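So the structure is just underneath, and the comments pick up after that.
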Amino acid sequence: MNHTKREPNGSAVDLMALRHSAAHVLAQAVKRLFPSAQVGIGPATEEGFYYDFRFERPFSPEDLEKIEEEMRRIIATDAPIVRRPLSREAAHELFEKTGEPFKLEILHSIPAEAEITVYDQGEFTDLCRGPHLPGTGQIGAVKLLSSSGAYWKGVETNPSLQRIYGTAFPTQAELDAYLARLEEIRQRDHRKIGKEQGFFRTLDENGAGMVLWLPRGARIRRVIEEIWKTRHDRHGYQYVYTPHIARLDLWKQSGHWDFYRESMFSPMEIEGSEFELKPMNCPFHILIFKEAVKSYRDLPVRLAELGTVYRYERSGTLHGLLRVRGFTQDDAHIFCRPEDIASEIGKVLTLVDEMLLPFGFTNRSVYLSTRPEGSVGSDENWALATGALEEALKNAGIPYEIDPGEGVFYGPKIDMKFHDVLGRTWQLSTIQVDFNLPEKFDITYRDSSGNDVRPIMIHRALLGSVERFFGILVEHFKGAFPLWLAPEQVTILPIADRHIPYARKIAETLEQEGVRVVTDFRNEKIGAKIRDAQLMKIPQMWVLGDREAQDETISIRHRDGQAGGTLPWREALVAIKEEIRTGLSLG
RNA sequence: GCUCCUGUAGCUCAAUUGGCAGAGCACCCGCCUUGUAAGCGGAAGGUUGUCGGUUCAAUUCCGACCAGGAGCUCCA
């Protein structure tokens with residue numbers, strides 16, 4: 001299989017082979033510059049390639065530059081890359097001689113019947129299955145990106161190696177486009193924008209993975225939460241509040257203490273009993289369900305809560321708002337009869353659309369995860385629930401893929417991954433059927449024949465967590481939130497002090513009309529006020545000076561620099577209210 | 001948690017080989033009353049993440065801890 005010929009437009013090259021060859025060139029360059037380095041493995045990846053080395057010290061950025069230069073030299077020589085099958089013994093001898101213990105380890109793990117091949121390029125030979133480009137010259141453009149530690153074979157107890165990451169493309173133009181995309185991702189980083197715009201902070205003082213929501217971020221969060229509550233009210237959910245801690249016994253009964261303990265904080269002792277920070281909301285919702293006898297007439301019971309949970313995450317995994325230790329799930333639990341699963345899931349699917357379309361998440365991939373090994377629940381229940389999930393997806397006309405065996409141990413689930421403006425995917429919504437907790441807490445309802453029957457429980461989150469969702473939104477919108485969601489919708493900018501009373505009058509009216517408005521009465525030139533408003537990405541600037549004060553008008557400027565014309569301020573108020581209303585009701 | 005890197009004023013960053021810590025922006029005070037992306041001047045701001053060690057002397061060297069970053073691992 002050899003499709004390495006470059007097309008005239010440079011696009012039809014086998015990228016994986018190209019990058020795999022680039023990884024070999026990387027290893028060759030490292031061996032030339034640092035002969036004592038031992039090679040690990042060096043595969044192509046989605047976005048590039050890496051190679052692992054054992055070396056007496058970490059590679060510095062300067063090392064990477066030198067290595068990259070050496071790689072360019074190797075590419076320039078267009079050394080042929082030659083496949084060479086050889087016997088197991090010959091291969092052993094070869095890597096024994098070159099002193100490559102990791103290669104020997106791989107060699108010995110290759111099944112006896114498999115053919116052994118190495119690839120030669122110049123003085124460098126690597127144990128490899130291939131395929132590769134015919135020559136190093138066909139690697140068009142290469143760039144080393146970073147280095148970091150990695151365990152041999154990804155096992156923590158194995159030796160730690162130095163991994164060098166890079167990427168390669170058939171043409172410089174494609175590489176440049178990729179690097180531009182990386183830069184764009186950096187520019188959108190929610191941690192950077194969050195700090196610049198005063199959305200949130202995490203500080204040493206209160207510990208890792210705990211988020212402080214600053215006023216500007218909190219305003220956006222409130223809008224999201226209000227929409228969320230309104231939509232859930234409309235869909236027949238009942239909002240509840242539950243505590244942040246509970247007796248350890250509750251978590252023992254739910255099974256979390258057995259199955260989820262490594263993600264839970266240590267218990268605290270209060271007057272001789274042990275209490276535990278909640279990692280989940282479900283046990284509380286079950287207690288609420290259980291609190292009064294339920295009839296089939298009461299079902300389905302849908303309990304909703306923006307519930308803040310605390311989970312121990314290893315320090316190295318924490319990341320801005322996307323991975324934290326205290327976060328708020330947009331949680332709900334639906335208790336229903338088995339025969340109602342499909343219709344309840346169908347309603348959740350509708351609600352997913354209502355919640356996520358307004359934010360511009362129109363593209364998604366949907367996965368149905370089926371029964372895993374070691375799961376609880378009867379075959380009949382699994383078949384019933386999995387069938388109900390499929391039925392709901394089909395009724396809703398939602399295309400999906402089956403993820404075999406990827407369900408949770410307590411039931412099948414639907415996961416939805418949404419695509420942001422850069423095409424990155426984020427797992428947001430999840431809908432999970434649970435046969436386990438109703439059993440553990442022995443919850444029942446009385447059916448029409450007077451029998452006590454076990455309800456089915458559905459866990460579902462649409463946004464996932466409010467913190468994470470907000471972080472994704474910041475990156476999605478690059479900090480420029482749409483008008484209906486922006487922390488400040490209008491800023492009023494008087495040109496000189498004498499216009500302040502007029503500005504104040506407008507601001508007060510806007511506030512009364514429910515528009516989020518701020519004013520900038522600082523003793524600054526209008527250019528400075530505009531600059532600051534634009535950096536804060538405030539959608540509309542209403543500028544007013546002598547002319548406007550005279551005519552009861554304002555001059556509108558949008559945050560993209562576009563002029564919005566001069567018009568009577570009351571008209572502008574009607575227009576902006578309409579624009580906000582439209583934005584809120586989208587989807 | 002592990003490997004490596006980083007931590008200097010609210011923010012973004014400087015500081016030759018170890019020798020009294022500096023700039024821009026922001027904040028505060030003045031002047032200017034401003035017309036669509038930064039007006040001018042001044043003052044103030046620090047136990048260099050924390051604790052310990054080496055040294056006559058530590059932002060600089062060493063250790064531990066805390067926090068951040070790139071990965072690994074994890075994500076029932």
Side-chain angles (χ1 to χ4, degrees), chain A residues 45 50 52 54-55 57-61 63 145-165 186 189 191-192 195-198 201-210 254-264 279-280 311-320 322-323 372-376 406-411 413 427 432 434 436 464 468 491 493-500 521-536 541-549 554-566:
Chain A
T45 64
Y50 65 82
D52 288 343
R54 179 153 73 180
F55 190 50
R57 61 173 177 84
F59 294 108
S60 67
D63 292 335
L145 297 169
S146 64
S147 64
S148 71
Y151 304 106
W152 170 238
K153 291 182 172 171
V155 178
E156 286 192 29
T157 48
N158 281 349
S160 192
L161 307 179
Q162 305 295 325
R163 175 170 298 178
I164 297 178
Y165 283 89
R186 262 192 291 278
D189 192 311
R191 294 166 300 181
K192 168 176 140 65
K195 194 188 263 187
E196 286 168 355
Q197 289 212 38
R201 289 298 298 270
T202 52
L203 297 175
D204 305 10
E205 288 91 325
N206 68 322
M210 305 293 180
S254 69
H256 290 109
W257 191 243
D258 288 332
F259 289 99
Y260 203 67
R261 191 188 310 190
E262 69 278 8
S263 294
M264 293 167 73
M280 303 255 182
R311 297 182 184 175
Y312 167 71
E313 301 281 358
R314 300 168 102 189
S315 54
T317 66
L318 300 173
H319 183 85
L322 302 183
R323 195 74 181 270
E373 300 287 316
S375 54
V376 303
E406 285 303 305
V408 198
F409 80 86
Y410 51 67
K413 63 171 179 173
Q427 155 96 49
Q432 309 180 349
D434 186 349
N436 181 49
R468 192 176 122 89
T491 179
L493 309 178
I495 300 240
D497 289 351
R498 62 181 174 279
H499 311 122
I500 289 178
F521 294 163
R522 289 175 308 162
N523 185 8
E524 288 288 353
K525 293 198 151 171
I526 194 66
K529 295 183 183 183
I530 283 171
R531 178 170 192 273
D532 290 344
Q534 232 154 281
L535 288 174
M536 286 297 114
M541 286 152 258
W542 290 11
V543 179
L544 42 91
D546 290 334
R547 297 194 294 271
E548 289 81 5
I554 46 102
S555 165
I556 297 182
R557 182 188 166 105
H558 297 284
R559 65 181 162 202
D560 59 3
Q562 295 289 308
T566 299

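Naming: A, B, ... by sequence-line order, numbering from 1 per chain. Only a predicted model underlies this, so the values are computations on that prediction, with no experimental measurement involved. As a basis for the values below, the full set of heavy atoms in this structure was taken, side chains included, without hydrogen atoms, waters or symmetry mates.
The CD atom of A:Glu205 sits 13 Å away from the P atom of B:rG49 (whole-angstrom rounding). One interatomic measurement links the two molecules: OH of A:Tyr50 to C1' of B:rC4, which rounds to 17 Å at whole-angstrom precision.
Under the 30°/60° scheme for interplanar angles, the aromatic rings of A:Tyr260 and A:His256 are found to stand perpendicular.
The side chain of A:Arg522 contributes no N or O atom lying less than 4.0 Å from OP1 or OP2 of B:rC28. Remark: A:Arg163 is not in phosphate contact with B:rC4, judged by side-chain N or O atoms under 4.0 Å from OP1 or OP2. Neither OP1 nor OP2 of B:rG71 sits under 4.0 Å from any side-chain N or O of A:His319. Within the structure, a side-chain polar atom (N or O) of A:Ser315 is placed less than 4.0 Å from OP1 or OP2 of B:rG1. For the pair A:Arg498 and B:rU33, the criterion of a side-chain N or O lying under 4.0 Å from OP1 or OP2 is not met. Considering only side-chain N and O atoms, A:Arg201 lies under 4.0 angstrom from the phosphate OP1 or OP2 of B:rC11. Side-chain N/O atoms of A:Lys525 include none lying less than 4.0 angstrom from OP1 or OP2 on B:rC40. Regarding contacts with the backbone of B:rC74, every side-chain N or O of A:Tyr260 stays at 4.0 angstrom or more from both OP1 and OP2.
Each of B:rC74, B:rG35, B:rG39 was ranked by its minimum atom distance to the side chain of A:Arg323; first place goes to B:rC74.
Across the interface with RNA chain B, nearest-nucleotide mapping of A:Asp560 and A:Phe59 shows A:Phe59 to be the residue nearer the 5′ end.
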